[in-house]
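I have placed the structure first, in the form of structure tokens, so that the comments after it can refer back to it.
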Amino acid sequence: MADNARAKRLADLIREVVAQKLQRGIKDPRLGSHVTITDTRVTGDLREATVFYTVYGDDEERAAAAAGLESAKGVLRSEVGRAAGVKFTPTLTFVADALPDNARAIEDLLDRARASDEKVREASAGAEFAGGADPYRKPETEEDAAEAADKDGDAS
């Protein structure tokens with residue numbers, strides 16, 4: 001079994017080779033400049049590599065890019081084998097990266113929270129405290145203050 005540093009180096013090399021080949025070497029129109037390789041992970045035995053990618057566009061363009069990557073898998077694997085110089089070239093699996101979708105969902109939640117905060121801010125703009133500005137009870141006269149002091153002295 002290979003060490004993690006070797007697997008990491010191979011993963012970085014695969015990411016670079018695949019990205020360069022997609023940009024310059026593949027003539028498939030489905031794999032235009034809107035496909036981005038975001039990450040690559042290699043198993044510990046260096047036999048399988050998972051390549052994560054994102055596609056700038058709608059669902060139709062994402063499906064076309066997935067089909068294009070699947071059809072170019074052999075060419076990309078050959079190029080990786082040529083560049084890596086390892087005994088066994090890892091098999092490539094392409095997976096659409098969920099990071100942009102997660103980021104979009106988080107942005108939507110943050111927008112909703114900002115809108116809710118703004119509503120609360122607007123509602124509380126002219127509001128006053130329910131019990132007055134000072135929420136603590138205070139004796140109204142000196143007699144009430146003396147009585148409160150006597151009660152505190154009896155309680156201890």
Side-chain angles (χ1 to χ4, degrees), residues 1-140:
M1 180 170 273
D3 61 322
N4 287 339
R6 186 172 180 200
K8 175 76 172 126
R9 283 193 313 267
L10 183 60
D12 291 342
L13 178 73
I14 291 171
R15 186 180 69 239
E16 290 174 17
V17 168
V18 169
Q20 287 176 356
K21 190 69 175 173
L22 285 176
Q23 192 172 30
R24 295 191 201 113
I26 305 288
K27 303 288 187 218
D28 194 339
R30 299 175 290 187
L31 300 174
S33 61
H34 54 273
V35 176
T36 304
I37 304 300
T38 56
D39 193 18
T40 306
R41 295 188 185 144
V42 178
T43 58
D45 61 358
L46 306 179
R47 295 279 180 164
E48 298 175 14
T50 304
V51 180
F52 295 92
Y53 68 94
T54 59
V55 179
Y56 182 73
D58 58 1
D59 290 335
E60 185 178 307
E61 290 174 342
R62 288 185 191 126
L69 286 170
E70 199 62 35
S71 71
K73 188 184 288 190
V75 174
L76 294 171
R77 184 173 180 217
S78 298
E79 192 67 29
V80 166
R82 196 172 301 124
V86 292
K87 184 176 183 179
F88 181 82
T89 303
T91 58
L92 301 178
T93 305
F94 292 96
V95 177
D97 200 351
L99 186 66
D101 295 333
N102 292 344
R104 194 173 311 115
I106 290 172
E107 281 297 322
D108 290 343
L109 290 172
L110 288 173
D111 288 341
R112 275 195 250 152
R114 284 185 199 106
S116 175
D117 288 349
E118 187 60 35
K119 286 180 186 177
V120 169
R121 210 173 288 116
E122 288 173 4
S124 65
E128 293 185 19
F129 294 104
D134 189 6
Y136 300 105
R137 285 190 185 171
K138 293 182 180 175
E140 295 181 18

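Scanning for salt bridge (charged side-chain N to carboxylate O under 4.0 Å, His left out) contacts around Glu61 gives an empty result, with sequence neighbours left out. For Arg62, the side chain to side chain contact (heavy atoms under 4.5 Å, CB included) partners at least two apart in sequence or on another chain are Val55, Asp59, Arg104.
Contact of the Phe94 side chain with the Val18 side chain is registered, since non-hydrogen atoms from C-beta on lie closer than 4.5 Å. A heavy-atom distance below 4.5 Å is not found between the side chains of Leu99 and Thr38. Side-chain contact between Val95 and Arg41 is absent, with no heavy-atom pair separated by less than 4.5 Å.
Between Arg121 atom CZ and Arg114 atom CZ the span is 11.0 Å, to the nearest 0.5 Å. With rounding to the nearest 0.5 angstrom, the CD1 atom of Ile37 is 11.5 Å from the CD atom of Gln20. Taking OG1 of Thr36 as the start and OH of Tyr53 as the end, the distance is 11.5 Å to the nearest 0.5 Å. Rounded to the nearest 0.5 Å, atoms NZ (Lys8) and CG (Leu13) are 12.0 Å apart.
The environment of Glu60 atom CD is sparse: at most 12 non-hydrogen atoms of other residues, nucleotides or ligands sit within 6.0 angstrom.
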Residues 65-81 side chain polar contacts: donor-acceptor under 3.5 Å, at least two apart:
| residue | atom | partner | partner atom | Å |
| --- | --- | --- | --- | --- |
| Glu70 | OE2 | Lys73 | NZ | 2.7 |
| Ser71 | OG | Arg30 | NH2 | 3.2 |
| Ser71 | OG | Gly68 | O | 2.9 |
| Lys73 | NZ | Leu92 | O | 3.4 |
| Arg77 | NE | Thr89 | O | 3.3 |
| Arg77 | NE | Pro90 | O | 3.1 |
| Arg77 | NH2 | Thr89 | O | 2.6 |
| Ser78 | OG | Gly74 | O | 3.0 |
| Glu79 | OE1 | Arg82 | NH1 | 2.8 |

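Looking only at distances, no side-chain donor or acceptor of Thr54 sits under 3.5 Å from a matching main-chain atom of Asp97.
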Between Lys119 and Glu122, is a salt bridge (charged side-chain N to carboxylate O under 4.0 Å, His left out) present by the stated rule, with each step listed?
CA-CA 5 Å; Lys119 286 180 186 177; Glu122 288 173 4; over 6 Å; no

Check the pair Arg15, Asp12 against salt bridge (charged side-chain N to carboxylate O under 4.0 Å, His left out), reporting the backbone distance first and the verdict last.
CA-CA 5 Å; Arg15 186 180 69 239; Asp12 291 342; 3.2 Å; yes

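Closest approach of Leu10 and Ala84 over heavy atoms only: CD1-CB, 3.9 Å. Nearest heavy-atom pair, Ala49 versus Ile14, reported as atom, atom and distance to 0.1 Å: CB-CD1, 3.8 Å. The two residues Val17 and Ala83 come nearest to each other via the heavy atoms CG2-CB, 3.7 Å.
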